[in-house]
Amino acid sequence: MKRLNPPQQQAVNQTEGALLILAGAGSGKTQVITTRIVHLLRDKRISADNILAVTFTNKAAREMKERVSAMAGRLADGIVISTFHSLGVRILRRDIRGLGFKPNFSIYSSSDQAGVLRQAMRERDIDPKQCDPDLILWKISGLKNHLIGPADFKPARDDKLELAAAAVYPRYQELLKGFNAIDFDDIIMLSVRLLQSNAAILGHWQERFRYIMVDEYQDTNASQYLLISLLAKRHGNICVVGDDDQSIYGWRGAEVRNILNFEQDYPGCRVIKLEQNYRSTSSILDAANSVIRNNPVRTGKALWTAGGRGRGIELIVAADEGEEATRVVDSMMLEQFRDKLAWSGFAVLYRSNAQSRAFEEKLRLERIPYVVVGGQQFYERKEVKDAVAYLRVIDNPGDEASLLRIINFPRRGIGDTTLVRLNQWSLEHNVPLFDTLGRAAEIADIPESSKKTVGAFHRMMTEVIAGFGRTGMGAQVNALFNRLRIEDELYRTLNDASQARKRIENIEQVVNSLAIFEAQTPRATLSAFLERISLMDEEKSEDDKEHGKNSVTLMSLHSSKGLEFNHVYLVGMEEEMLPHKRSMEEDPTCAEERRLCYVGITRARQRLTISRCLTRRKYGAVEERKPSRFLAEIPEHLLVDASNNGGGEDKQGDTVDLAAAFFARMLGE
């Protein structure tokens with residue numbers, strides 16, 4: 001308690017009734033939650049059985065429980081600190097008989113779900129070729145998260161997907177119940193249904209959990225909100241902790257209004273604001289406050305720190321994404337050499353995972369260890385591998401592994417049986433597989449429709465290979481991908497439009513990377529580009545073994561929430577990137593995108609660098625870029641030119657000397 005500031009102490013001591021703790025970024029909320037739990041156990045003599053704390057990840061729940069146990073010892077035995085879904089399973093294991101299930105029910109994985117759904121589709125005469133099973137599962141999942149059961153769902157008459165989901169959903173649930181199984185989305189929905197339908201069961205859990213705490217309340221969805229409301233209704237001792245300014249998961253169902261309306265839901269509740277920040281300098285916090293205050297609907301609070309002003313916020317204005325990556329990495333190298341820092345103190349944050357490509361290439365070129373968090377290495381992503389496989393076949397039709405990868409991407413209806421027969425014929429007649437495709441009409445045991453499809457694919461690729469020139473390679477590949485209608489394929493096959501757009505952006509980056517390579521490399525060839533990719537992949541595996549965890553972090557802004565780094569590079573601060581174009585179309589106020597920017601800024605401890613480009617490539621073509629509106633919301637006096645290396649504290653000459661020393665050291669090594 002002595003280590004807590006006055007508002008934190010008030011939050012710990014306020015144990016009765018409803019309490020809303022508005023905890024700004026870096027304000028020590030986890031310490032407040034754990035200390036509050038220990039205060040209930042040790043000072044208020046509340047039994048551990050009567051305390052419930054809920055958060056969103058198993059890691060957060062585990063760390064919280066470890067802290068409480070370290071402080072309270074045996075008094076914490078039996079306390080429930082869990083995720084929402086773990087709480088739901090606990091309720092269902094005890095009382096699911098009330099819904100006609102046995103307590104030993106199974107929780108089906110996604111592959112198990114797919115099998116059950118396909119059976120339901122067969123029974124309802126729905127052709128999976130006409131309506132994608134994955135899309136139907138995605139639709140059912142969304143309905144469950146909004147507590148809409150099969151009987152309550154009213155599909156739109158002109159929506160093919162909704163009509164299929166409405167036909168399959170009831171049978172899907174019947175089959176699950178027949179197998180004594182539930183899926184992941186059932187956990188919260190069935191828990192709520194159980195509590196609503198049985199007063200005795202609800203009473204049991206209300207008496208069990210007399211004191212309830214919810215972390216990250218701004219991220220709760222409709223079903224989670226209702227579950228907590230039901231449990232807290234009898235005693236009213238509910239404490240929620242969160243920050244509406246960090247609500248960034250609306251795309252997956254989180255409803256910021258849950259925290260904004262808390263005072264209406266619990267009249268007379270107490271509100272305590274944690275505004276003292278223990279992470280960042282005042283320059284960084286002033287920038288964050290200046291941006292977020294432009295959101296029209298929010299709770300009023302402003303972060304401050306007792307620490308110093310720190311360095312100014314550096315601004316990099318680069319000609320294009322290649323120069324942006326170069327200047328960011330050069331900045332890292334100079335700072336790491338000057339201050340003898342670990343690489344793990346640096347992070348590059350971006351709005352879209354596709355932006356990682358330029359930074360990955362530059363870091364690999366400089367042999368700086370890095371790790372991509374919240375996504376795969378760029379050239380290891382499936383859609384990127386698919387796109388690169390086309391380039392490999394164009395460069396070398398004898399690359400049979402790449403050929404097999406693309407022969408049915410996008411889907412052409414070439415089945416596994418046909419592929420097996422083509423391979424067999426190729427081996428039996430000692431004919432390369434690519435040439436075998438052109439002779440498919442000669443091969444027995446292949447359906448006529450497949451022969452036509454295989455022949456058409458071979459003719460298309462033969463034409464592309466013959467016409468592929470050594471100039472304008474990016475434009476040629478872009479034309480091929482448009483011809484293949486890859487965008488349509490991704491929208492059709494993925495169960496989430498936002499995921500499809502991300503994958504499309506990654507494929508776009510392959511085209512951009514080739515175009516940039518051609519522009520920067522004398523006598524560039526497709527072979528040289530592909531060789532470069534292969535060598536980069538080999539270097540990665542060796543670097544990972546050597547450097548371990550001491551790596552620069554590359555991650556999306558969504559993945560960065562809850563983390564902090566000494567020096568953050570917030571890159572791509574441009575309109576249609578941050579804020580993202582799609583979000584601008586859906587919400588002209590860009591409220592959630594502004595919160596995302598706020599989260600990115602407040603990840604920085606000591607230094608923050610923001611970068612933007614004057615131009616970027618889109619499908620190989622150069623486009624002019626406009627600075628982000630969020631950049632204009634940061635006062636000019638907080639920004640400094642990055643070429644001055646840190647807000648005037650180091651002179652330009654010092655920067656040159658450091659650069660010379662750095663490269664002298666590298667040459668010496």
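As the structure is a prediction and not an experimental result, all values here were calculated from the model.
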Exercise. Got a sec: does the CZ of R118 have more than 12 other heavy atoms crowding it under 6.0 Å?
Worked result: no

Problem set entry | Residues which pass side-chain hydrogen bond (donor to acceptor under 3.5 Å, both in side chains) with N566, listed by chain and number, not counting sequence neighbours | R605

Exercise. Do Y370 and E360 have side-chain atoms, one donor and one acceptor, less than 3.5 Å apart?
Worked result: yes

Exercise. Hey, which of E576, H580, E593 is the one that makes side chain to side chain donor-acceptor pair (under 3.5 Å) with R351?
Worked result: E593

For this session: Give me the ring orientation class for Y569 and H567: parallel if the planes are under 30° apart, tilted from 30 to 60°, perpendicular past 60°.
Result: parallel

Exercise. Side chain of Q246, backbone of V599: donor and acceptor closer than 3.5 Å?
Worked result: no

Exercise. Do E585 and R582 sit within salt-bridge range, that is, some charged N less than 4.0 Å from a carboxylate O?
Worked result: no

Exercise. Quick one: is the NZ or CZ of K382 closer than 6.0 Å to the six-membered ring centre of F409, and within 45° of its axis?
Worked result: yes

For this session: Quick one: which residue pairs count as a salt bridge (Lys or Arg N to Asp or Glu O under 4.0 Å) with a foot in residues 445-461, not counting sequence neighbours?
Result: R421-D445, E448-K451

Exercise. Applying salt bridge (Lys or Arg N to Asp or Glu O under 4.0 Å), which residue pairs with at least one partner in residues 504-517 are found, sequence neighbours left out?
Worked result: E508-K618

Seminar exercise, completed: Sorted by chain and residue number, the side-chain hydrogen bond (donor to acceptor under 3.5 Å, both in side chains) partners of N423 (sequence neighbours excluded) come out as none

For this session: Go through the structure and list residues passing side-chain hydrogen bond (donor to acceptor under 3.5 Å, both in side chains) with E574, not counting sequence neighbours.
Result: R616, R625

For this session: May I have the step-by-step check of salt bridge (Lys or Arg N to Asp or Glu O under 4.0 Å) for E592 and R595, ending in yes or no?
Result: CA-CA 5 Å; E592 184 157 320; R595 294 195 290 266; 3.6 Å; yes

Problem set entry | Distance in Å, T493 OG1 paired with Q499 CD, rounded so as to fall on 0.5 Å steps | 11.5 Å

Exercise. Do other residues, nucleotides or ligands put more than 12 heavy atoms under 6.0 Å from the CD atom of E636?
Worked result: no

Seminar exercise, completed: Rounded to the nearest 0.5 angstrom, the CG-NZ distance for D134 and K139 is 15.5 Å

Exercise. Within the distance-only criterion (no hydrogens, no angle test), does the side chain of S513 pair as donor or acceptor with the backbone N or O of V510 below 3.5 angstrom?
Worked result: no

Seminar exercise, completed: Taken to the nearest 0.5 Å, the spacing of F359 CZ from M332 CE works out to 8.0 Å

Exercise. How far does CD1 of I313 sit from CZ of R607, to the nearest 0.5 angstrom?
Worked result: 11.5 Å

Problem set entry | Listed partners of R405 passing side-chain hydrogen bond (donor to acceptor under 3.5 Å, both in side chains), at least two apart | D386

